Asker: 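Sharing a structure below in structure tokens format, with a few things to ask.
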Amino acid sequence: MTRRPLRGFDRERLIDLRTEKGYTRGDLARFAEVSVAAVRAWESGQATPQVDRLARVAAALDVPMSELVRIPPHERYLGDLRVQAGLTQPQLALQVGISTASLSSLELGETSLREPVADGLARALGVDAAEIRAAYERTRTRPPGAPV
């Protein structure tokens with residue numbers, strides 16, 4: 001299975017935040033428990049981080065995920081809300097009580113969003129259920145070929 005690039009990841013902001021803290025790449029790697037090679041690849045644009053690793057980086061930099069993954073709230077898809085919370089699909093699915101495959105289908109807009117699931121997602125992500133429904137609708141109606 002190939003990983004999709006992390007939508008909205010701002011490598012320039014990562015560099016700025018790291019240097020503002022006075023951290024070397026090695027410092028950030030050590031504090032976030034990731035490899036120096038990973039930090040180098042992210043900063044150079046050769047790769048994008050996995051959400052759980054980026055959550056550790058955000059914590060090491062003492063910033064919210066929204067500082068590193070920059071997507072305006074009115075443009076966020078359902079998967080973006082999960083990323084903003086720093087959760088992987090398996091982590092969120094477990095919290096909501098659905099399968100990872102079901103969550104993936106929801107994040108692609110391929111299956112209907114039921115109210116109990118919307119409520120569970122809202123609780124797990126710390127947002128209003130209306131925000132979940134709006135993000136889902138943006139996901140479902142995105143242009144063909146648009147990244148999610």
Side-chain angles (χ1 to χ4, degrees), residues 1-18 20-21 28-35 37-148:
M1 177 170 132
T2 60
R3 296 204 180 270
R4 284 176 266 185
L6 186 59
R7 186 172 116 88
F9 172 65
D10 188 340
R11 70 183 185 89
E12 294 296 329
R13 187 66 180 140
L14 173 60
I15 295 166
D16 290 345
L17 289 166
R18 178 179 60 76
E20 285 171 16
K21 285 278 192 186
L28 181 57
R30 185 167 38 93
F31 297 143
E33 298 181 4
V34 298
S35 71
V39 174
R40 184 180 313 107
W42 302 336
E43 289 186 351
S44 69
Q46 294 174 333
T48 59
Q50 295 170 354
V51 66
D52 52 342
R53 290 182 178 184
L54 190 59
R56 292 197 309 259
V57 167
L61 294 169
D62 196 29
V63 297
M65 286 287 281
S66 60
E67 283 290 318
L68 297 169
V69 179
R70 298 180 137 194
I71 302 169
H74 65 281
E75 294 178 14
R76 291 179 184 157
Y77 296 142
L78 190 56
D80 299 331
L81 298 179
R82 174 182 52 78
V83 169
Q84 292 294 322
L87 297 171
T88 63
Q89 283 183 337
Q91 290 168 333
L92 179 57
L94 183 64
Q95 286 186 32
V96 177
I98 61 175
S99 70
T100 302
S102 293
L103 179 59
S104 178
S105 291
L106 284 169
E107 288 187 358
L108 292 170
E110 297 173 344
T111 189
S112 297
L113 176 65
R114 297 175 292 114
E115 281 305 308
V117 173
D119 292 341
L121 288 167
R123 277 191 304 278
L125 296 174
V127 300
D128 188 84
E131 187 173 349
I132 296 292
R133 287 189 293 276
Y136 170 77
E137 192 60 22
R138 281 189 291 275
T139 302
R140 195 183 66 73
T141 60
R142 73 190 183 284
V148 287

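Since we're looking at a predicted model, the values are computed, not measured.
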Asker: To the nearest 0.5 angstrom, please state how far the OG1 atom of Thr111 sits from the CZ atom of Arg140.
Answerer: 11.5 Å
Asker: Any donor-acceptor pair under 3.5 Å linking the side chain of Thr48 with the backbone of Pro5?
Answerer: no
Asker: Quick check for you: to the nearest 0.5 Å, what is the distance between Arg18 atom CZ and Leu68 atom CG?
Answerer: 12.5 Å
Asker: Which heavy atom of Ala60 sits nearest a heavy atom of Leu28, and at what distance?
Answerer: CB-CD1, 4.0 Å
Asker: Would you mind reporting whether Val148 and Glu107 have side-chain heavy atoms less than 4.5 Å apart?
Answerer: no
Asker: How close do Val69 and Leu6 get, counting heavy atoms only, and between which atoms?
Answerer: CG2-CD2, 4.1 Å
Asker: With rounding to the nearest 0.5 Å, note down the distance linking CG in Leu125 to CG in Leu78.
Answerer: 7.5 Å
Asker: Suppose we screen for side chain to side chain contact (heavy atoms under 4.5 Å, CB included). Which residues come up paired with Pro73, at least two apart in sequence or across chains?
Answerer: Arg76
Asker: What do the steps show when you test Leu61 against Glu67 for side chain to side chain contact (heavy atoms under 4.5 Å, CB included), and what is the final call?
Answerer: CA-CA 10 Å; Leu61 294 169; Glu67 283 290 318; over 6 Å; no
Asker: The criterion is side chain to side chain contact (heavy atoms under 4.5 Å, CB included); which residues satisfy it with Ala134, sequence neighbours excluded?
Answerer: Arg138
Asker: Pair up each side-chain donor or acceptor in residues 96-105 with any protein partner under 3.5 Å, not counting sequence neighbours, and list the distances.
Answerer:
| residue | atom | partner | partner atom | Å |
| --- | --- | --- | --- | --- |
| Ser99 | OG | Ser102 | N | 2.9 |
| Ser99 | OG | Ser102 | OG | 2.8 |
| Ser105 | OG | Ala101 | O | 3.3 |

Asker: Using a strict 4.0 Å threshold on nitrogen-to-oxygen distance, state whether Arg70 and Glu75 make a salt bridge.
Answerer: no
Asker: Kindly indicate, with the supporting measurements, whether the criterion side chain to side chain contact (heavy atoms under 4.5 Å, CB included) is fulfilled by Asp16 and Arg13.
Answerer: CA-CA 5 Å; Asp16 290 345; Arg13 187 66 180 140; 4.1 Å; yes
Asker: Which distance, rounded to the nearest 0.5 Å, do you find between the CG of Asp119 and the CG of Asp128?
Answerer: 9.5 Å
Asker: With sequence neighbours excluded, what pairs up with Arg123 under the side-chain hydrogen bond (donor to acceptor under 3.5 Å, both in side chains) test?
Answerer: none
Asker: Would a distance-only check, ignoring hydrogens and angles, find a side-chain to backbone donor-acceptor pair under 3.5 Å from Arg56 to Glu33?
Answerer: yes
Asker: Mind checking whether Val127 and Gln84 have side chains closer than 4.5 Å, heavy atoms only?
Answerer: no
Asker: Applying side chain to side chain contact (heavy atoms under 4.5 Å, CB included), can you list everything that pairs with Val51, at least two apart in sequence or on another chain?
Answerer: Met65, Arg82, Val83, Thr88
Asker: The test is side chain to side chain contact (heavy atoms under 4.5 Å, CB included); show your working for Leu121 and Leu81 and say whether it passes.
Answerer: CA-CA 10 Å; Leu121 288 167; Leu81 298 179; over 6 Å; no
Asker: NZ/Lys21 to CG/Asp62 distance, rounded to the nearest 0.5 angstrom?
Answerer: 5.0 Å
Asker: Does a sphere of radius 6.0 Å around CZ in Arg142 hold more than 12 heavy atoms from other residues, nucleotides or ligands, not counting ones at 6.0 Å or beyond?
Answerer: yes
Asker: If you count the non-hydrogen atoms of other residues, nucleotides and ligands that lie under 6.0 Å from CD in Glu137, is the total more than 12?
Answerer: yes
Asker: Which residues pass the side chain to side chain contact (heavy atoms under 4.5 Å, CB included) test with Ala37, sequence neighbours left out?
Answerer: Ser35, Arg40
Asker: Any idea which heavy atoms bring Ser112 and Tyr136 closest together, and the distance?
Answerer: CA-OH, 3.5 Å
Asker: Do you know which two heavy atoms are closest between Pro147 and Tyr77, and how far apart they sit?
Answerer: O-CE1, 3.2 Å
Asker: Nearest 0.5 angstrom please: Phe9 CZ to Ile71 CD1, how far?
Answerer: 12.0 Å
